[in-house]
Amino acid sequence: MRLSSQIFAYSAFNIVNAAVPFLLLPVLTAYLLPKEFGILSLVTMLQALLLPIVLLSFQGLVTIEYTRLTKEQFSKFITTILWLPVLGFLVVLPLLFIFSERVAGLFKISEFWVTASAVFVLLQALPMLMPTIFQARQQLMAYGVFKIGLTLLNIVFSLYFVICLKNGWEGRMWGMLGSFVVFNVISLVVLFREGLLKFSFDKYYFQEAIKFGLPLVPHSLAGIMLAMADRLFLANLVSADAVGIYNVAYQIASAVMIVMSSINQAWVPHLYAQLNSSPSFDQKKKLVLQTYKIITLMCAGSVIFVAALPLVYHFFISVNYHEGQSVAMLISLAFLLQGFYFMATNYIFYVKKTYFLSVMTLISAGIVMLLNYLLIPLFGITGSAYSMVASWLILFALTWLLGHRVYPMPWRLGKQKII
C-alpha cells in the first residue's frame, strides 16, 4: 500500500476512534460537574504516569524488530517482552501501598484510586501491544477494528455506569476497567492463534527490551509531565473546577494530536524500512522531501481544526465549560509542534539513543513546570496553555538538532552531501 494511502487509513481509523470518546463529551459534561471532571482527569493522570514505569515501553521495539526477525524469533520476542509489564506491576504495587497517603494528597484523590491505578495500568499492556503488532505487519484493518472496538466497548460500559447506575466520575473508570478485561481476553486469543505465544523466555530479548525501555522511563515520565503537569498545578493552585474546564479543552484539542500520531504511525514503518536498506544520499533526499510534505499536511489540518473550534463548543459542549475555548486553540498549536517533534524523534529511536530523549524531555518538563508555577497565578488556565506551547517548541527544536546529529540527513535539500 502506498504511503499516502497508509496515512489516510491510519488517520481515518484514529479519527473515528477519537470521535467516539469525543461524542461522549456532551454526555459527560452534562452529567459531571467541572469538579468531578477534574477529579477524573487527576486519576487518569496518575495512571498515565504509572504507565511507562509498569510497562517500560515494552511495545516500542515491536515495529523496529519485526523486519529484522524471523517468524519464530518474533514469536519468542513477543512472549519474552510480555514479562516486562508483570515485573513492573510487582515493583510498583507495593510502593503505591506504602506511599498511598502522600500520593493521594498530591493528586487530590482517594487512596483507593492510588493503588487501584496499578491494576488499571497492567490491564492496558496487551491492548497496547496488539495495535503495535498490527501496525508492524501493516494490517490496517485489524489495527482499526481492534482500536475502535476497544473504544466502543469502553464507551458503552462508561455510559452504563455513569447514566444507568449513576456512579458519577467513577463510572467512567469502571467502564474503562470492563473494556480492558474483555480486550485482554481477545488479545490472548489472537496471540495464541497467530502463534505469537510460545511459553518460552529468551534472556537476550529480555535484556534488549530493558535496555530499550529503561532509559525511556525518565523520557516518558517527563513527557507525561510535559503534557499533564498543568492539571496538577491547576488542582493545587486554582481548583478542581479549573482542572475540569482545562481537561475538556485538552480532550477537544487532542483531535490534532490524534491526526499527528496517525500520520507518524503510517510514516514510521516506511521510514524504518528505508533506513534498514542503507539508503543512498539521493534516497535520503527523497525521505527529507516526504517529511516536509507531511509537515505541510500537519499544518493545514491544524488550521482547519482551530477554525472549527467555536462550532464544536457551541454544538457539543455544556456552557459550564465554554471558558476553555481559547485554551483549546493554544493546546492545538502545542499538538502541532508535537507532530513536528515526532518527525525528528523517529531517527533517535531508530539508532536506539533513547537516553538522549530522556535528558531533553526532562529539561522541557522542568521548563513547563516552572512556567506553570509562574503563569497560572497570572493567567489562570490560559497560563497552562501558554506553558504547553513554549515547552513543546523547545523540545521540538532540541530533538530536531539531536536527530540530525545521531543520524544526519540532508535537510536543506541542496547539493551538499551532509549539512
Side-chain angles (χ1 to χ4, degrees), residues 10 12-32 36-37 39-52 54-55 58-59 82 85-86 88-89 93 109 112-135 139 141-193 224 228 247-248 250-251 254-255 257-258 261-262 265:
Y10 277 114
F13 283 133
N14 285 336
I15 288 171
V16 170
N17 189 55
V20 175
F22 174 78
L23 293 175
L24 184 63
L25 270 180
V27 178
L28 291 180
T29 55
Y31 279 85
L32 302 181
E36 294 177 290
F37 216 109
I39 296 172
L40 173 62
S41 67
L42 291 167
V43 173
T44 55
M45 178 185 177
L46 174 60
Q47 294 179 9
L49 286 169
L50 293 175
L51 202 65
V54 174
L55 303 191
F58 81 116
Q59 79 281 9
L82 282 174
V86 177
F89 174 77
L93 186 61
I109 60 177
F112 169 80
W113 283 108
V114 172
T115 51
S117 292
V119 177
F120 275 71
V121 169
L122 178 63
L123 290 174
Q124 293 182 56
L126 286 174
M128 290 181 65
L129 175 65
M130 292 308 303
T132 310
I133 294 174
F134 294 141
Q135 179 190 349
Q139 296 175 316
M141 187 58 65
Y143 173 91
V145 170
F146 188 92
K147 292 202 71 173
I148 293 173
L150 174 60
T151 303
L152 284 172
L153 189 61
N154 187 338
I155 299 307
V156 170
F157 281 158
S158 296
L159 290 174
Y160 175 72
F161 284 110
V162 172
I163 297 176
C164 299
L165 298 186
K166 302 186 185 301
N167 286 154
W169 69 267
E170 291 183 332
R172 181 73 176 103
M173 300 306 302
W174 299 131
M176 292 169 60
L177 180 64
S179 61
F180 290 155
V181 169
V182 171
F183 270 76
N184 267 273
V185 175
I186 293 173
S187 298
L188 287 173
V189 170
V190 173
L191 288 173
F192 273 116
R193 184 177 296 173
I224 293 164
M228 305 186 76
N247 197 56
V248 169
Y250 186 96
Q251 287 193 27
S254 65
M257 179 184 64
I258 295 298
S261 299
S262 302
Q265 283 176 325

Can you tell if the side chain of Leu82 reaches within under 4.5 Å of the side chain of Leu126, non-hydrogen atoms only? yes
Is any side-chain heavy atom of Leu25 closer than 4.5 Å to one of Phe37? yes
Spacing of CH2 belonging to Trp174 relative to OG belonging to Ser179, to within rounding of 0.5 Å: 13.0 Å
Would you mind writing out the side-chain donor-acceptor pairs for residues 157-166 within the sub-3.5 Å range, not counting sequence neighbours?
unit_1	atom_1	unit_2	atom_2	d
Ser158	OG	Asn154	O	2.8
Ser158	OG	Asn154	OD1	3.2
Ser158	OG	Arg172	NH1	2.8

I need the minimum non-hydrogen distance between Pro85 and Leu122, along with the two atoms involved. O-CD1, 3.7 Å
Please name all residues satisfying side chain to side chain contact (heavy atoms under 4.5 Å, CB included) with Ala142, sequence neighbours left out, ordered by chain then number. Phe134, Gln139
Who pairs with Trp113 by side-chain hydrogen bond (donor to acceptor under 3.5 Å, both in side chains), at least two apart in sequence or on another chain? Glu170
For residues Ala118 and Leu50, report the shortest heavy-atom separation together with the two atoms involved. N-CD1, 4.1 Å
Can any side-chain N or O of Ser261 pair as donor or acceptor with the backbone N or O of Ile258 at less than 3.5 Å? no
Contacts of Tyr31 meeting ring-ring contact (aromatic ring centres under 6.0 Å, His included) (sequence neighbours excluded), chain-then-number -> none
Please give me the minimum heavy-atom distance between Leu46 and Val114, naming the atom from each residue. CD2-CA, 3.8 Å
When rounded to the nearest 0.5 Å, the distance separating CZ of Phe180 from CG of Leu150 is 6.5 Å
I need the minimum non-hydrogen distance between Leu55 and Ala125, along with the two atoms involved. CD2-CB, 3.8 Å
Ignoring hydrogens, what is the shortest heavy-atom contact between Gly168 and Leu32? Give both atom names and the distance. C-CD2, 3.7 Å
Out of curiosity, Ile186 CD1 to Leu153 CG, how far, rounded to the nearest 0.5 Å? 7.5 Å
Met128 and Leu51, any side-chain heavy atoms less than 4.5 Å apart: yes
With rounding to the nearest 0.5 angstrom, report the OG1 to CD distance, Thr29 to Gln251. 10.0 Å
Any idea which heavy atoms bring Trp169 and Glu36 closest together, and the distance? CB-O, 3.7 Å
Non-hydrogen side-chain atoms of Leu191 and Met130 separated by less than 4.5 Å: yes
CE-CD distance between Met173 and Gln47, expressed to the nearest 0.5 angstrom: 4.0 Å
Taking only residues two or more places apart in sequence or in another chain, which ones pass side chain to side chain contact (heavy atoms under 4.5 Å, CB included) with Pro131? Tyr143, Phe146, Lys147
Could I get the full list of side chain to side chain contact (heavy atoms under 4.5 Å, CB included) partners for Val145, not counting sequence neighbours? Met141
